[in-house]
Every structure is written in C-alpha cells, then in structure tokens.
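So that the names make sense, note that chain A is the first sequence line, chain B the second, and so on, each numbered from 1.
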Number of protein chains: 2
Amino acid sequence: MARKRITPGKIRLAEVAKLAGVSPITASRFFRNPEALSVGKRARVESAAKELGYVPNLAARALASQRTEVIGVLIPSLTNNVFADVLRGIYDALDGSRYSIQLANTRYSILQEERLLRLFLAQKPAGLIVTGINQTADSRTIMESVDCPIVQIMETGPAPVDMMIGFSHFDAAKAAISHLLDRGYRQIGFLGARMDPRVQRRLDGYRSTMSEAGLFDERLIVTTAIPTSVTLGGTLFADLLAKAPEIDAVFCVNDDLALGTLFECKRRHVAVPDQIAIVGFNDLEFMASSVPTLSSVRTNRYEMGRNAAMMVLETLDGRRPAESVIDLGFSIMERQSSARRS
Amino acid sequence: MARKRITPGKIRLAEVAKLAGVSPITASRFFRNPEALSVGKRARVESAAKELGYVPNLAARALASQRTEVIGVLIPSLTNNVFADVLRGIYDALDGSRYSIQLANTRYSILQEERLLRLFLAQKPAGLIVTGINQTADSRTIMESVDCPIVQIMETGPAPVDMMIGFSHFDAAKAAISHLLDRGYRQIGFLGARMDPRVQRRLDGYRSTMSEAGLFDERLIVTTAIPTSVTLGGTLFADLLAKAPEIDAVFCVNDDLALGTLFECKRRHVAVPDQIAIVGFNDLEFMASSVPTLSSVRTNRYEMGRNAAMMVLETLDGRRPAESVIDLGFSIMERQSSARRS
DNA sequence: CAATCGCTTGGTAGCGCTGTCAATATCGGT
DNA sequence: ACCGATATTGACAGCGCTACCAAGCGATTG
C-alpha cells in the first residue's frame, strides 16, 4: 500500500514540542504569538527550538494557515535607478521581519501588471506594493476585492485602492518650471522619454505652468516613447535645438536626459547655464558633482520604499497607519546649471 | 469536535478532475508532465482547468512534493547598476517559466550571505544563483551538500561549487592597463572604491601588469572601503593627484569613479586625455556619450544573468549544460579618454 | 459556595497537492 | 492465442503546520 514517507533527520515542529514537553500546537503558538504562552513554556520551546536548529516549513505554514508571508512588489523596471532606490527601501524595511518579497517587473505594461497581479493574488500574499495609480479597470477591481494591505507608490492621487505614498509629479514639474521662470528663463524646452504616466503628469505640469506664464509653445516639447538614457538625452536635446533654436533653458524629465543634454551642450560649445539652463528630475547622486553641477528635483525614493513597506507591516500588525495617503513631497535642488540669468 | 474548514467557491485540483472526469492524480500529472497523459484526457483536463479558472496552490504543491519552484538569488547590492543588469537578465530568462525568484541582498557581507543561504536552503529552493566565489567555508560546505543546481556568477575561478559564469577580473584589469601602456601612458594611477573581492582582483591585475612593465609604484594606488559614487571618483582622483602629481593616466575600477574623475579634471582644467587619460570599468551606457567619450572595459552583465538562469533551468530540466563553467570575457572599449598619446 | 470568567493548553482534523505503488489497458512478437 | 513489456490511470496516505473548539485551572464574584 502507500508508503510511509519518513523523513529521517528532519526537525519538525513536533520534535521541538516533544523536547520542550509541550504539545505541537503550543510550540506552534510560540512562533505566531509568543505572548499567549506562559513564561515557562515560552522559554522551554525557545530553547528546544534553538537546540534542534528548528526552521519552520513555510509551505506547510502557508497551506495550513491559508496565507503566505510574502509581500508582492510590482515595479515597471529593474534598470531604472529610481526603482533601485525604492527597492532598497523596501528590502531594508522588511529585513529581519518574517516577511519576504516577491518582486516582479511589469515592463511599463499595465496588461502585464494585471497578469502578474492575478498571479500574485492567487497565492494569497500578505501584502502588495504596486507602482502608480494607472492600473487597468480589472486590476483595480481585483485589488479592491482582496483583503490584504495594498500600497500604491511613486505618486499621489485621489481614490487610493487602500494606501498610497508618493508625491505629485505635476506639482514637482510645476515647481521646476517656476524655478526656471523665477531665475529669468523664458523659452523653456521640455525633454521627455518613455512617457509613462508619471512622466506624462510632469509634462502636464510643464504645460500648465508655461501656459499660465503665457509662454507655452508646442514646439518646445520633445518627447519619445524610447526608454531613457544619457545618449538619448543628447539626441532629444539636438532635436529640440533644431526645432527651437531660441530656447534658453531645458527641463528634462529625468537626470539621465539632463546629463545627456549637458554633454550635448559641451559638444556644441553651448555654455551652461549662460546660453542654456538645465534642470533634471530625481536628483541622482551624480547631479551634484558634474561640471557645472546640475539642478534637479529631489525625490525621496528610498523613504518611499521604506515607508511603503512599513505601512504594509503596520497594517499586518493590526495597527492601521495614521495616514493612509502620504505625500513625501520633493525639493528643488538649485545648482549651477540653472543659476539666475545674468 | 474539529470543524470542517470548508472553502466554498475555491477551485481545487479535485474540482478540475471531477469536471474532466478523471482522478485528481491524473489532473495533477497534467500540470507536471502532460506527456504522460493520453491525448484525450490531456485535452479534457486542460479545458476543465481553463473553464474553472484553476490556479494551482503553490504552498500545497511545495508541501506535498518537498520542493519549491523558487530560484534563490543572492546579490551584494541592489543599487549598483551592474547588478541591475544581471537581475534583468535573470528575470528575463525566468519569465514565463514556472519558476519564481527569491531575491536577497547580502550587502557585501559574506556572513550575511551565509545567513541568507541557510534561510533559503531551509525552504528547499529549486536552484540558487550566488555572487562571486568568496563564500565562507561554512557557506561552501552547505552549498556542496545541497542537491539543487547552483550557479556562481560575476567571476570565474577554480573549483566551482556546481556551475559558474563570469569573467576574469584580473585579466580584464590587465587588459585595461595594457591598453593604456600600449597607447603610451606610463604613470598610471589606480582608483578603487568598496574593494570587494572582484575589485581586489582588478587591483591585482593592475599590480601585476604595472610590475611586469617595471612601472609599479605603491603611491599610484588610491583605494577606499566607501561605496562607490561619482562624487567619490572626484575625491579619490584629487587624492591621487596630491600623492602623485606626475600621473598621466587613471584606471578606475568602475564607471562612476571614471565619470567623477572626468568631472574633477574639468574642474581643475586638466585636459583629458592630453594631460590625463581615463579608463573605466563595466561600460555603462553613459560612457559612450560623455565629453570626451570615456574608455571602459565592457562586461556582459545582462548575458551573465540570463545565462546563469538558463543554466539553472537546463539542469532542472535534466539537460545538463554543455559547459559547467562559462567565461563570458570582456572587451576594451577604446574611446577618446585614452586616445594614443601625442 | 456555586457560578462565572479569563488564561493557557491540548486534541483533532484538514489545508491541497503529489509520491509510491498497484491495477488495468494496450500492444507487439512468436 | 498466449506472454511479457509498456503506457495509462487510480487509490491511498501523508507532507508539516495551524484553525477550531474544548477543557483544565485558578481566580473572582455575588
């Protein structure tokens, strides 16, 4: 008949319980909720577990308890430095907790995102961190019907699925353009790549601010769906210059484009900021050490990841975070590349 | 007495089997090894599963089969662009397979690595990808006693635990220095940050090549344990210049340092390459578009990740890869910053 | 002093799937 | 027509843990 699938040396919870002189269920409770045990048993189970080198079997735990200790993270890109920082924050926050991370890459496709969402939710994650607020209608329905904590990161907006942490890309772009206007620049170009929803909102912010100043001109906008790169920054800037040679400043939707623009200026012997001012976005580390130093919009990416993970943890602990929507803001880092027009 | 933990709407394998008119175990086989079923049953189970929207319960599968479909990945840093590329390769290779990735960050600590290794292995991963060849003795013992495929990435060396893919950092540095020597440079400085094992091997390559040329001088070496950054590149270069003003070239252990060096040169009005040549390492995208363009050692990071994952997959499929150690090599990208000395 | 309460502990069964082995069906060869 | 070999299918039990309920127990209360 059916075999006995004996596993010889393996230490199971039952062994720990036996050594501690308690029932398996009591030993189990030690790991889920040690407070529920009397002090004596708690110590006995603890030392028994340590003595045997017990490591819980997560699959068995997940099967029996009908939930996992995995927090799903959906981000659009693994290469983008921006997400590297966010991820680092998430990993740091979850380090040492009993939760692990399941990471997936949507490649900027909301269809892919929906597919991954279904995949994740089928395994009953403990929590979920998703990027942005532009999910498919189906994704939204799915997320709303799920009872695990969900944090939307990278931006803020109305109607969070559950929780949200980020900042307003519209306002950030507005502030960058206002900064340039304030420093005396008028013909401000816009360089955009990839054009994901957040970049679109930066474009909206640019448009709105320029219009309010009576300076809006469609010719000043150069965008592409191509993924961003430093080289692309140079190319886009060259395009802009060809279309609108009169420009006196450029707002780049990220720092790679800004650096590429700076190099292209060098190549063309265009003085920065005397002839062209440059402002980037994200404030990556190199912006402060280029020559000239490059102005940028600082965003709090590490904190975003860290706080998002902490919001999930708090919710799982039963302590609902004070705020379910957190605006981390941004700040304009004013450097040489956008010094006041002389 | 004990309750019936009925789960109402949930579709389990049993439901699929019933609809298909087969036993649960036959339905199970459809998912693990469809070839073993007769064509008719295969189709019946397939359509039943689709009709019910069946999604297997991974926890139950893992518990019953005593193994998971998770491939563990241990890397030292989430921020470093180098690993972002490697990771992208791994994720791409595993995309669409039934395996998922468990990623952990060792933070360049082999003790941390050992801890994570134990954690991973306790859950019986399907495979493992680890960074480098400098594990603790205990880590090595553990890995050798495990029967899942293991790939060590980033470098090559003797005695792989199982499989290995990378390149020789010693040879790569040697080639970079030889390139500079060949172009007429003699006083070649070395800039190193973080000094992890691979960077150490690049230093060894530098040392060896300079010694062979009769040009070795300890004063030309500037290193720090601080994590790398563009800003740090400028600082280290300034240190080097203070110690050895006579240098005519600098080899930087990565491209961030190289870019920082370039900026520092700009700041000091030192002409590149006329007064100082620069060579970086990794050939990140921006190296080709800086002014002047920066020479670098190109490494195949994406391919490394991709191939590493594919080696794991092949092994799991029972097809042992042709080579268990793959040297992906490198190439010297000669650009303006190391043009022949005039 | 019985009834009640809260805290701690244990018994039982089952989470959903698959390994093992047996049983049955199919097939070719002599 | 018979035999063994091969392909296909199924029965059973159990992977290791925890949900649920109940029971033990001392303390509190009217």
A/I11 CD1 to D/dC17 C1', in whole Å, measures 15 Å

Kindly determine whether A/E15 and A/R12 satisfy salt bridge (Lys or Arg N to Asp or Glu O under 4.0 Å), including the steps that lead there.
-> CA-CA 5 Å; A/E15 273 81 82; A/R12 299 194 304 294; 3.4 Å; yes

Atom pair distance, as rounded to whole Å: CZ in A/R61 and C1' in C/dG14 = 18 Å

Nucleic acid contacts - residues 17-33 of chain B versus DNA chain C, non-hydrogen atoms under 4.0 Å = B/I25, B/S28, B/R32

Integer-rounded Å distance: C/dC17 C1' and A/N57 CG | 14 Å

Salt bridge between B/E144 and B/R140, side-chain N to carboxylate O under 4.0 Å?
-> yes

Between C/dC15, D/dA19, C/dT18, which one does the side chain of B/A64 approach most closely?
-> C/dT18

Show your working on salt bridge (Lys or Arg N to Asp or Glu O under 4.0 Å) between B/E46 and B/K50 and close with a plain yes or no.
-> CA-CA 6 Å; B/E46 182 163 21; B/K50 191 181 299 172; 5.4 Å; no

Rounded to whole angstroms, how far apart are CD on A/Q66 and P on C/dG14?
-> 14 Å

Could you identify which residues of residues 35-52 of chain A place a heavy atom less than 4.0 Å from some atom of DNA chain C, listed by residue number, or say none?
-> A/A36, A/L37, A/S38, A/K41

Check whether any side-chain nitrogen or oxygen of B/Y54 sits under 4.0 Å from OP1 or OP2 of C/dC17, and answer yes or no.
-> yes

Closest heavy-atom pair, B/I110 versus B/N134, reported as atoms and distance to 0.1 Å, is CG2-O, 3.0 Å

When rounded to the nearest 0.5 Å, the distance separating CE of A/M310 from CD of A/E314 is 6.0 Å

Aromatic ring pairing A/F83/A/Y108, orientation class (parallel under 30°, perpendicular over 60°, tilted between) | perpendicular

Give a yes-or-no answer on whether the side chains of B/E114 and B/T136 include a donor-acceptor pair shorter than 3.5 Å.
-> yes

Verdict with reasoning, B/F31 to B/Y54, per ring-ring contact (aromatic ring centres under 6.0 Å, His included) = CA-CA 11 Å; B/F31 292 100; B/Y54 172 70; 5.3 Å; yes

Short N-O contact, B/R107 and B/E113, less than 4.0 angstrom = no

Just how far, in rounded Å, is P of C/dA13 from CG of A/L63?
-> 18 Å

Between atom CZ in A/R67 and atom C1' in D/dC17, what is the gap in whole Å?
-> 12 Å

To the nearest Å, give me how far apart CG (A/L58) and C1' (C/dC15) are.
-> 15 Å

